[in-house]
Amino acid sequence: MKQKLAFGILVLLAGCASVPDDHPSVKMRDAAAAQLSTQLKLAQEDWPQARWWTRYQDDQLNALMDAALKGSPSLAVAQTRVTLAQTGISQARAADGVNIRASVNVTREMTSQYGIYPPPLAGTWITDSEPMVNATYQFDWWGKHKAEIAAALGETAASRADYAAAEQALTAAVAQAYFAWQADLARIELVKQQRDVQNRLQKIAVRRVQSGLENDTVQRSASGDVANQDSVIAQLQTSERKDRESLRALVGVTGSDSGIDHLGARPLPVTAGGVPTDLGLNLVARRPDLQAARWRVEASVQRTDASKAAFYPDVNLSAFFGFSSLSLDDLLKRGTRTYGITPGISLPIFDSGRLAAGLQGDRAQRDVAIAQYNQTLVNAVQDVANQGIALQGLSDQEKAMRAYLHATEGVRDSQQKRMQSGLTDQGAVLRAELPVLMIQDQLLVLKNRQLEAEVALVRALGGGYEAPADTAAQAE
């Protein structure tokens with residue numbers, strides 16, 4: 001008996017459509033080998049944290065982040081995609097279980113006098129009633145259903161990672177817009193101080209022209225300097241209003257009830273910096289876009305396995321129980337019961353290449369997913385390197401700029417002492433004050449660029465994201 005069963009199974013397998021050979025066109029890169037190609041002197045471990053923006057100790061920024069994470073339309077779109085992917089899990093798991101269906105069929109029929117029904121039923125109206133309960137189950141011998149469930153789990157995990165990536169993009173944009181807005185406010189005050197100095201120089205020029213010590217060219221030049229400062233202030237005020245509206249849009253609210261209009265000026269915070277010394281697998285775990293790409297590779301591999309399983313026999317078991325009667329009066333009598341079990345097996349032998357074409361298509365999609373993962377990995381390392389280099393370069397510029405400021409302040413202080421000693425006039429002191437204010441303005445621009453680069457580095461490092469446990473075991 002066992003020999004006959006084994007022979008039967010061999011015959012069935014031999015009759016199946018042959019599975020095409022697999023020739024992958026790309027190979028998945030080893031994330032552990034992903035390292036920076038340049039040495040960055042900014043190493044700082046366990047940074048950034050999930051709520052990385054709290055390190056700036058700014059209640060206004062914290063409130064903006066909370067509002068954005070709660071009400072942003074972009075996050076709502078990402079959440080609906082997660083929900084959509086979760087329905088795929090439910091559908092895949094439903095196909096793996098027992099399917100039970102109840103049905104009631106009632107047929108009112110005029111029988112033929114010369115048909116299958118004998119007298120007295122021939123040539124009369126009859127009512128055929130069949131209430132039934134049917135149950136079917138498909139054995140997953142080749143792992144097709146398991147692979148389909150694993151593929152759906154992978155797509156859902158990728159959608160969740162996409163949601164985390166959307167959160168990162170949103171919080172980074174909010175922080176950059178907020179710091180740009182604060183920088184504009186601070187620069188407006190500095191430029192106003194420059195305009196005040198220019199106004200005072202203009203008054204001195206007017207007095208000197210009236211005294212015959214200077215010609216009117218000096219007065220015109222001073223007036224032009226004041227007008228130039230007014231133009232710069234107007235530009236900064238326009239930029240400030242645009243940054244405020246950007247914050248309003250990022251938070252996802254409109255009108256004055258958003259709290260944006262009640263925000264006040266805050267000093268720009270000190271940058272933190274930081275690039276983990278080990279990027280490899282640590283970087284893969286940090287970045288949600290890499291996790292999404294990896295899970296999509298896993299999902300595509302599982303879909304390929306499901307397509308491969310379609311080449312093997314399907315074994316189904318069906319059972320039914322119900323009643324069948326030609327008269328409603330006899331429907332529930334013991335003799336009207338009907339039941340049975342139907343085992344079934346089906347196997348592909350010749351399908352004009354449809355199964356092979358489907359499998360090759362899934363394999364091609366798998367190779368595309370692997371290639372996209374490889375490119376995402378390369379882009380991630382490059383992104384971290386670029387932002388780290390930019391932040392380090394800006395730090396070097398800041399040191400040089402502060403040395404320049406220190407020297408310029410020394411010149412100003414020297415002029416003040418000379419004026420106190422009667423060796424120079426107030427105009428010389430004011431002219432020495434202008435470069436100090438201009439360098440302070442440049443430092444504000446530089447500080448904003450540092451914060452922008454730091455936030456970009458936070459996003460490049462994953463923004464505190466931590467990958468959840470592997471979803472492969474969930475398909476078991």
Closest non-hydrogen contact found for Leu250 with Ala177 is CD1-CB, 4.1 Å
How long is the straight-line distance from CD of Gln198 back to OG of Ser223, given to the nearest 0.5 Å? 10.0 Å
Carboxylate-amine/guanidinium proximity below 4.0 Å for Arg248 and Glu245: yes
If you look at every heavy atom in Ala68 and Val174, which pair is closest and at what distance? CB-CG2, 4.0 Å
Tell me if a side-chain donor or acceptor on Glu452 pairs with a main-chain N or O of Gln176 at a distance below 3.5 Å. no
How are the rings of Trp52 and Tyr56 set to each other: parallel, tilted or perpendicular (split at 30° and 60°)? perpendicular
Could Glu298 and Arg294 be called an ion pair, given the rule that one side-chain N must be under 4.0 Å from one carboxylate O? yes
Distance-minimising heavy-atom pair for Arg200 and Gln426: NH2-NE2, 2.8 Å
Using every non-hydrogen atom in the two residues, find where Thr424 and Met419 come nearest and quote the distance to one decimal. CG2-N, 3.4 Å
Given 3.5 Å as the limit, does a donor-acceptor pair link the side chain of Glu433 with the main chain of Glu409, or not? no
So which heavy atom on Leu434 is nearest to which on Gln194, and how close? CD2-O, 3.9 Å
One thing to verify: whether Arg244 and Asp184 come together as a salt bridge, which I'm taking to mean a side-chain N less than 4.0 angstrom from a carboxylate O. no
Return yes if a side-chain donor-acceptor contact under 3.5 Å exists between Glu155 and Trp295, otherwise no. no
Could you pull out the closest heavy-atom pair between Val191 and Gln229, with the gap in Å? CG1-OE1, 3.3 Å
